[in-house]
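The structure under discussion appears below in the form of structure tokens.
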Amino acid sequence: MPLIERTLLGPGPSNPYPEAVQGLSAPILGHLDPEFIKVLDRTGDRLRALWGTSNPLTLPLSGTGSLGMEAAFANTVRPGDTAVVAVNGLFGQRMCEVARRYGATVVRVDHAWGEPVDVQRVLDAHPSPAVVAAVHAETSTGVVSDIGALGAALRARSDDTLLIADCVTSLGGTEVAVDEWKVDAAYSGTQKCLGVPPGLAPFTFSERAWERRVEDPPVWYIDLGLLGAYVRGGSGGGRAYHHTAPVGMVAALDRTLERIQHEGMPDVAARHRAAGERLQNGLQDMGLELFAAEGHRLPQLTSVKVPEGVDSGKVRERLLTEYGIEIGAGVGEYAASVWRIGLMGHNARLDRAELVLAALRAVLRD
């Protein structure tokens with residue numbers, strides 16, 4: 001069967017950076033090989049720089065961004081704890097479900113989809129929760145929220161609450177500052193702005209959170225105490241075996257982080273902004289209406305309303321079969337009324353914006 005190449009301009013995965021492909025083709029090393037440990041340590045250092053943190057426990061978890069979400073709650077929530085979760089899209093909803101399964105009493109703070117998180121409403125939801133969780137870049141709607149304002153407000157009120165942030169669609173496309181924002185646990189995924197195939201969840205965990213962590217979480221695979229002994233070394237200084245790390249994926253991430261480091265994260269973010277602005281302006285010039293609230297729109301993931309009388313699925317099918325371009329549908333009640341177009345990582349380029357605009361214009365004209 002011949003291989004099919006697509007231009008992946010949906011909500012993820014995105015086409016990988018060439019450096020990621022080179023990393024995947026590198027010779028495979030054992031996960032305890034001293035040379036691979038050097039790669040793993042270097043990847044951790046580069047992730048710390050990208051996250052904007054000095055957290056020692058910063059690593060690529062072996063799984064997608066959803067595993068990062070799971071790890072964040074498994075290591076911070078005990079049965080009976082109160083978890084306040086800001087919900088302004090699908091992934092806020094998922095946070096609620098994950099927290100509930102670990103025994104938390106979940107306090108939902110619902111927002112209209114497409115609107116950013118309201119910091120004051122989150123504060124007013126409970127006076128002293130164990131954790132507060134929010135999505136920085138909501139993949140389901142293309143809206144960005146001010147996590148820094150939320151972190152500052154929580155820390156000003158009390159030192160007892162841990163803050164969890166979902167950065168799956170922001171890391172590598174938008175500048176993130178975990179320490180400055182007072183975030184205690186944050187996770188992402190490699191398949192979006194980081195431009196690496198899906199399979200890893202970049203993760204960071206503060207010393208504050210480490211001191212209060214659940215020492216015997218109910219899921220062995222994402223026990224940060226055990227994982228920490230592998231990425232940081234055990235009591236004897238050696239690397240404790242936990243599981244077979246996906247060495248090829250880590251090599252791909254390491255190469256891509258090197259590329260981002262050389263380009264400079266401010267320039268990477270500017271490239272994402274320029275591509276997103278070109279796309280959003282072009283869509284509006286076509287008479288289409290954007291979904292996310294003005295002033296809070298992600299440049300790397302644009303949500304646009306499907307015009308009345310247009311079959312969303314047929315348009316996406318024609319883009320895929322005639323032009324080899326994948327864009328995403330909406331989710332939930334917006335599945336048929338919203339398209340999601342991603343210009344992330346290697347696809348955060350003006351030519352990609354022009355490509356999808358031209359193809360969409362042609363299909364809609366027909």
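Remember, it's a predicted structure, so these values are computed and weren't measured experimentally. Heads up: numbering here begins at 1 and tracks the sequence.
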Could you give the side-chain donor-acceptor pairs of residues 22-31 under 3.5 Å, partners two or more places apart or in another chain?
residue	atom	partner	partner atom	Å
Gln22	OE1	Arg255	NH2	2.9
Ser25	OG	Val21	O	3.4
Ser25	OG	Gln22	O	2.8

Problem set entry | Gly142 to Ala292 - nearest heavy-atom pair and separation | O-CB, 3.6 Å
Exercise. So, Ser145 side chain and Val117 main chain: donor-acceptor pair closer than 3.5 Å or not?
Worked result: yes
Exercise. Hey, is the main chain of Arg278 close enough, under 3.5 Å, to the side chain of Asn281 for a donor-acceptor pair?
Worked result: no
Exercise. So, does Glu180 use its side chain to make a donor-acceptor pair with the main chain of Thr53 at under 3.5 Å?
Worked result: no
Exercise. Is Phe73 linked to Leu227 within one hydrophobic cluster, defined over Ile, Leu, Val, Met, Phe, Trp and Tyr using a side-chain heavy-atom separation of less than 4.5 Å?
Worked result: yes
Problem set entry | Gap separating the OG atom of Ser62 from the CZ atom of Phe203, nearest 0.5 angstrom | 13.0 Å
For this session: Report the C-alpha separation of Val107 and Val85 in whole Å, then their side-chain angles, then the decisive distance to 0.1 Å, and conclude whether the side-chain contact (heavy atoms from CB on, under 4.5 Å) test is met.
Result: CA-CA 6 Å; Val107 178; Val85 182; over 6 Å; no
Exercise. For the hydrophobic clusters of this structure (ILVMFWY residues joined by side-chain heavy atoms under 4.5 Å, transitively), does one cluster hold both Met95 and Leu123?
Worked result: yes
For this session: For the pair His272 (side chain) and Val268 (backbone), establish whether a donor and an acceptor sit closer than 3.5 Å, ignoring hydrogens and angles.
Result: yes
Problem set entry | Residues which pass side chain to side chain donor-acceptor pair (under 3.5 Å) with Arg42, listed by chain and number, not counting sequence neighbours | Asp254
For this session: Using atom types as modelled and distance alone, determine if a side-chain donor or acceptor of His243 lies under 3.5 Å from a backbone N or O of Tyr241.
Result: no
Exercise. Got a second to check how far Leu162's CG is from Arg213's CZ, nearest 0.5 Å?
Worked result: 12.5 Å
Problem set entry | With Arg297 via side chain to side chain donor-acceptor pair (under 3.5 Å) - residues at least two apart | none
For this session: Report the distance from atom CG of Asp311 to atom CZ of Arg316, rounding to the nearest 0.5 Å.
Result: 9.0 Å
Problem set entry | Atom pair CG/CD of Leu50 and Glu175 - distance to nearest 0.5 Å | 9.5 Å
Problem set entry | Co-membership, hydrophobic cluster, residues Val144 and Trp181, 4.5 Å side-chain | no
Exercise. Quick one: side-chain hydrogen bond (donor to acceptor under 3.5 Å, both in side chains) pairs with a partner in residues 283-292, sequence neighbours left out?
Worked result: Glu289-Lys305
Exercise. Should Val247 and Leu47 be regarded as members of a common hydrophobic cluster, given that ILVMFWY residues are connected when their side-chain heavy atoms come within less than 4.5 Å of each other, either directly or indirectly?
Worked result: yes
Exercise. Transitively linked via ILVMFWY side-chain contacts under 4.5 Å: Met344 with Val176?
Worked result: no
Problem set entry | Exercise: identify the closest heavy-atom pair between Pro60 and Thr43 | CG-CG2, 4.3 Å
Problem set entry | With sequence neighbours excluded, residues passing side chain to side chain donor-acceptor pair (under 3.5 Å) with His126 | none
For this session: Show your working on salt bridge (charged side-chain N to carboxylate O under 4.0 Å, His left out) between Glu97 and Arg100 and close with a plain yes or no.
Result: CA-CA 5 Å; Glu97 178 62 13; Arg100 181 191 68 79; 2.7 Å; yes
For this session: Give the C-alpha distance, both sets of side-chain angles, the deciding distance and a yes or no for side-chain hydrogen bond (donor to acceptor under 3.5 Å, both in side chains) between Thr169 and Thr139.
Result: CA-CA 6 Å; Thr169 302; Thr139 313; 2.6 Å; yes
Problem set entry | Backbone N/O of Ala86 and side chain of Arg121: donor-acceptor pair under 3.5 Å | no
Problem set entry | Under 3.5 Å: donor-acceptor pair, side chain of Asp223, backbone of Pro217 | no
Problem set entry | Gap separating the SG atom of Cys167 from the CH2 atom of Trp51, nearest 0.5 angstrom | 4.5 Å
Exercise. Are Ser303 and Thr141 close enough that a side-chain donor and a side-chain acceptor fall under 3.5 Å?
Worked result: no
For this session: Carefully, step by step, assess Glu263 and Arg259 under the rule salt bridge (charged side-chain N to carboxylate O under 4.0 Å, His left out).
Result: CA-CA 6 Å; Glu263 186 177 352; Arg259 179 236 163 87; 3.6 Å; yes
Exercise. Would Glu19 and Thr256 count as having a side-chain donor-acceptor pair, cut-off 3.5 Å?
Worked result: no
Exercise. Glu70 and Tyr102: side-chain donor and acceptor closer than 3.5 Å?
Worked result: yes
For this session: Can you see which heavy atom on Gly199 is nearest to which on Thr64, and at what distance?
Result: N-CG2, 4.0 Å
Exercise. Checking Asn75 side chain against Ala71 main chain: does a donor-acceptor pair fall under 3.5 Å?
Worked result: yes
For this session: Measure the shortest side-chain to side-chain distance between Ser170 and Leu298 over non-hydrogen atoms and say whether it is less than 4.5 angstrom.
Result: no
For this session: Go through the structure and list residues passing salt bridge (Lys or Arg N to Asp or Glu O under 4.0 Å) with Asp267, not counting sequence neighbours.
Result: none
Problem set entry | side-chain hydrogen bond (donor to acceptor under 3.5 Å, both in side chains) partners of residues 355-366, not counting sequence neighbours, each pair once | Arg318-Asp366
Problem set entry | Gln191 side chain vs Ser14 backbone, donor-acceptor pair below 3.5 Å | no
Seminar exercise, completed: In short, Gln280 meets Thr302 closest at the heavy-atom pair NE2-OG1, 2.9 Å
For this session: Check the pair Leu61 / Tyr187 against side-chain contact (heavy atoms from CB on, under 4.5 Å), numbers first and verdict last.
Result: CA-CA 9 Å; Leu61 294 176; Tyr187 56 88; over 6 Å; no
Exercise. Please walk me through it: do Leu226 and Tyr230 pass side-chain contact (heavy atoms from CB on, under 4.5 Å)?
Worked result: CA-CA 7 Å; Leu226 299 177; Tyr230 172 56; over 6 Å; no
Exercise. Rounded to the nearest 0.5 Å, what separation is found between the CG atom of Leu257 and the CG atom of Leu194?
Worked result: 6.5 Å
For this session: May I ask you to decide if Pro129's main-chain N or O and Thr161's side chain share a donor-acceptor pair within less than 3.5 Å?
Result: yes
Exercise. Got a sec, which hydrophobics cluster with Val306, joining ILVMFWY side chains under 4.5 Å apart, including via others?
Worked result: Leu9, Leu279, Leu283, Met286, Leu288, Leu290, Val304, Val310, Val315, Leu319, Tyr323, Ile325, Ile327, Trp339, Ile341, Leu343, Leu355, Val356, Leu357, Leu360, Val363, Leu364
Exercise. Can you pull the side-chain hydrogen bond (donor to acceptor under 3.5 Å, both in side chains) pairs that have at least one residue in residues 192-212, sequence neighbours excluded?
Worked result: Asn55-Thr204, Thr58-Thr204, Asp159-Arg208, Asp184-Ser206, Asp184-Arg208
For this session: Please list, chain by chain and in numerical order, all residues satisfying salt bridge (Lys or Arg N to Asp or Glu O under 4.0 Å) with Glu35, sequence neighbours excluded.
Result: Lys38
Exercise. Arg6: what forms a salt bridge (Lys or Arg N to Asp or Glu O under 4.0 Å) with it, not counting sequence neighbours?
Worked result: none
Exercise. Taking it one step at a time, do Val331 and Trp113 satisfy side-chain contact (heavy atoms from CB on, under 4.5 Å)?
Worked result: CA-CA 11 Å; Val331 296; Trp113 283 34; 3.5 Å; yes
Exercise. Residues two or more places apart in sequence or in another chain: which of them pass salt bridge (Lys or Arg N to Asp or Glu O under 4.0 Å) with Arg94?
Worked result: none
